Amino acid sequence: MLDIRFIRENPELVKEGARKKRIPVDIDRLLEVDEKRRKLLQESENLKAEKNTASQEIARLRGEEKTAAIAEMKSVAERIKSIDSELESILIEYNALMLQVPNPPDEDVPEGEDDQDNVELRRVGELPKFDFEPRDHVELGELLDIIDIPRGVKLAGARSYILKNEGVLLEYGILMYALKKMVELGFTPMIVPHLVKDIAMIGTAYFPGGEEQAYTCERDNLHLIGTAEVPVTSYHYDEILDEKSLPRYYCGISSCYRREAGTYGKDTKGLYRIHQFQKVEQVIICKADEKISAEKHEFITRNSENLVKDIGVPYRVVLVCSGDLGQPQKRKYDIECWMPSRGSYGETHSSSKFFDFQARRLKLRYRDSGGNVTYCHTLNNTFIASPRILISILECNQQRDGSVVVPEILRSYLGGIEVIEPKK
RNA sequence: GGAGGGCUAGUCUAAUUGGUAAGGCAGCGGACUUGAAAUCCGCCGCGGUUAAACGCUUCGGGGUUCGAGUCCCCGGCCCUCCGCCA
């Protein structure tokens, strides 16, 4: 959410940002509604002021004077009621519009339609060369008996899978290694609720708009998280932090659940696009300082790059173009790891900078040394997401016989083995 | 699921049986001091304003009333006990 004052003072800039992001929103209507809102609010508050002083007075009055004053206040109370109900309906529209207004992207974000227009910033690592016909991760998974997709589908439908044997150890190994690194980097690890209330979904800007992508438990009015970003960023919902305690480095580990509605026929093979996966997510809450935000954005991006380097798969970093940005982000980098079966880099990480966009929705503030209350800035980035990263690991490290060399850093989690061998 | 108790600002704790949230502690700023402690003064829920004014705030939402922390209804959460349970 943006500051309404900012929108009022920079309507063209806000409209331009929405245009760049290809997000339709009626700013003129919003300004109109805002004006009505302020007018009604003022009327209402004036009458309430009148009511409050009169009420004090009434307590002191006696007899006829009292009766008269009460009668007069009765009509004031009715006017307040009618103005407030008008205000209420205006607020419904106002709030709905406010939640739609996108965060204008950074100046230097390239303009574009979709991920085709993302700009590559750097490539790291050498692509593997095979002197045999490489297998994809689905084949490898079967051969090694570490991935069972048919039975996952049998139990839970399309986009479901089962990890087995070294597949499980590999996934937990990566997650554990990632957690260990997070702690070393000063992040506070957190295990968070997977089911959250509306406020967390709205606060992190997944709602409104993303309802189709989330699993919802209607009976309990709770939603399964698509990422630990949601509960971790919402951790300090409606709190005022001490400036001295910033920045806060948090990392959440959780399963992630996504309906993947509207993606039928896309990435149907294998573990690339699935309903449930696990992730370690970095979240930073910092002061409202654009420079600090930018630094932290580079920081969390670099952290993930270093982890990918440790794992040893080639990757590239792209600057996401305006049309591929979501509503809340100022700027986003995707890290994409090499996936031989796709013949391309596939997105494994998403590093986002929001400024105070989420913080406003979450009422996440801090008090500075002068006593001023200000909305924080938030950022987040995937640290590692599995099993998607397994696609790269398995496919890049495969050998002629279908065996897969385990990245060195993960071997201790697999009982020290160096190679996962075909089972039969 | 059943029974009972509770929820007031960071925290603790009050509020004429309906009259518009009083205080203590912690914290922040200042004075005094060589420094600190003690003491004294100010600030110390949110919004709003250049600053005021003013509005809002007693778990949330309704209602009664000129006026609700207080009375009524619906819901939430916490604690204790019982039952069930990994």
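Values in this document were obtained by computation on a predicted structure and should not be read as measured data. Scope of the values below: all heavy atoms of this structure, side chains included, with no hydrogens, waters or symmetry mates. Within every chain, numbering begins at 1; the chains are lettered A, B, ... in the order of the sequence lines, protein sequences first and strands thereafter.
In summary, A:Lys353 and A:Asp106 engage in a salt bridge, as defined by a charged side-chain N under 4.0 Å from a carboxylate O. A:Asp324 has no carboxylate O lying under 4.0 Å from a charged side-chain N of A:Lys21, or vice versa, which leaves the two without a salt bridge. Comment: A:Glu184 engages A:Lys181 in a salt bridge, judged by a side-chain N to carboxylate O separation of less than 4.0 angstrom. With respect to A:Asp145 and A:Lys423, no salt bridge is recorded, no charged nitrogen being found less than 4.0 Å from a carboxylate O.
Atom NZ of A:Lys197 and atom C1' of B:G61 are 14 Å apart (whole Å). Rounded to an integer number of Å, the gap from A:Lys363 NZ to B:G60 P is 11 Å. Rounded to whole Å, the distance from CZ on A:Arg8 to C1' on B:G48 is 12 Å. Atom CZ of A:Arg367 is separated from atom P of B:C43 by 16 Å (rounded to the nearest Å). Between the CD atom of A:Glu239 and the C1' atom of B:G45 there is a distance of 14 Å, given to the nearest Å. Here the C1' atom of nucleotide B:U64 and the CD1 atom of A:Ile70 are 15 Å apart, to the nearest Å. The interatomic distance linking A:Ile240 (CD1) with B:G47 (C1') rounds to 11 Å, in whole Å. Separating the CG atom of A:Asp238 from the C1' atom of B:C59 is a distance of 12 Å, rounded to the nearest angstrom.
Within a heavy-atom distance below 4.0 Å of RNA chain B, the residues of residues 32-52 of chain A found are A:Glu45, A:Lys48, A:Ala49, A:Asn52.
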Check your understanding: So A:His223 and A:Phe207, ring pair (Phe, Tyr, Trp, His ring centres under 6.0 Å) or not? Walk me through it.
Key -> CA-CA 11 Å; A:His223 314 280; A:Phe207 290 0; 4.9 Å; yes
Practice item. Just do the ring pair (Phe, Tyr, Trp, His ring centres under 6.0 Å) check on A:His297 and A:Phe354 with the steps written out, would you? Key: CA-CA 10 Å; A:His297 195 202; A:Phe354 301 93; 8.8 Å; no
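If you check every strand for non-hydrogen atoms under 4.0 Å, A:Val76 touches nothing.
For the C1' atoms, the distance linking B:A22 with B:U16 amounts to 14 Å, nearest Å. Comparing B:A21 with B:A15, their P atoms are spaced 16 Å from each other, to the whole Å. B:C59 sits 14 Å from B:U13 when the P atoms are compared, rounded to a whole Å. Atom C1' of B:C72 sits at a distance of 25 Å from the matching atom of B:G2, rounded to the whole Å. Of the P atoms belonging to B:G23 and B:C44, the separation is 12 Å, rounded to the nearest Å. Spacing of P atoms, B:U64 relative to B:C73, comes out at 15 Å, to the nearest Å. A gap of 28 Å separates the C1' atoms of B:A86 and B:G4, to the nearest Å. Straight-line distance between the C1' atoms of B:U39 and B:C32: roughly 9 Å, to the nearest whole Å.
In this structure, A:Arg388 is positioned above the aromatic face of A:Tyr272, its NZ or CZ under 6.0 Å from the six-membered ring centre and within 45° of the axis.
Classification of the A:Tyr413-A:Tyr177 ring pair by plane angle, with boundaries at 30° and 60°, yields perpendicular. Relative orientation of the A:Phe299 and A:Phe187 rings is parallel, given thresholds of 30° and 60° on the angle between their planes.
In RNA chain B, runs of at least 3 stacked Watson-Crick or G-U pairs (N1-N3 plus N6-O4 or O6-N4, or N1-O2 plus O6-N3, all under 3.5 Å) give these stems: B:1-7 with B:76-82, B:10-12 with B:23-25, B:27-31 with B:39-43, B:45-47 with B:54-56, B:59-63 with B:71-75.
Closest to the A:Arg5 side chain, of the nucleotides B:C46, B:U49, B:C66, is B:U49.
Remark: of the listed residues A:Thr301, A:Val308, A:Asn303, A:Leu307, A:Thr301 is the sole one forming a side chain to side chain contact (heavy atoms under 4.5 Å, CB included) with A:Glu305. The salt bridge (charged side-chain N to carboxylate O under 4.0 Å, His left out) test with A:Glu93 singles out one residue from A:Arg37, A:Lys36, A:Arg29, and that residue is A:Arg29.
Comparing A:Lys244 and A:Met73 by the nucleotide of RNA chain B that holds the closest heavy atom to each, the one mapping nearer the 5' end is A:Lys244. Two residues, A:Thr53 and A:Ala69, neighbour RNA chain B, and the one matched to the more 5' nucleotide by heavy-atom proximity is A:Thr53.
In terms of phosphate contacts, A:Arg60 brings no side-chain nitrogen or oxygen within less than 4.0 Å of OP1 or OP2 of B:G67.
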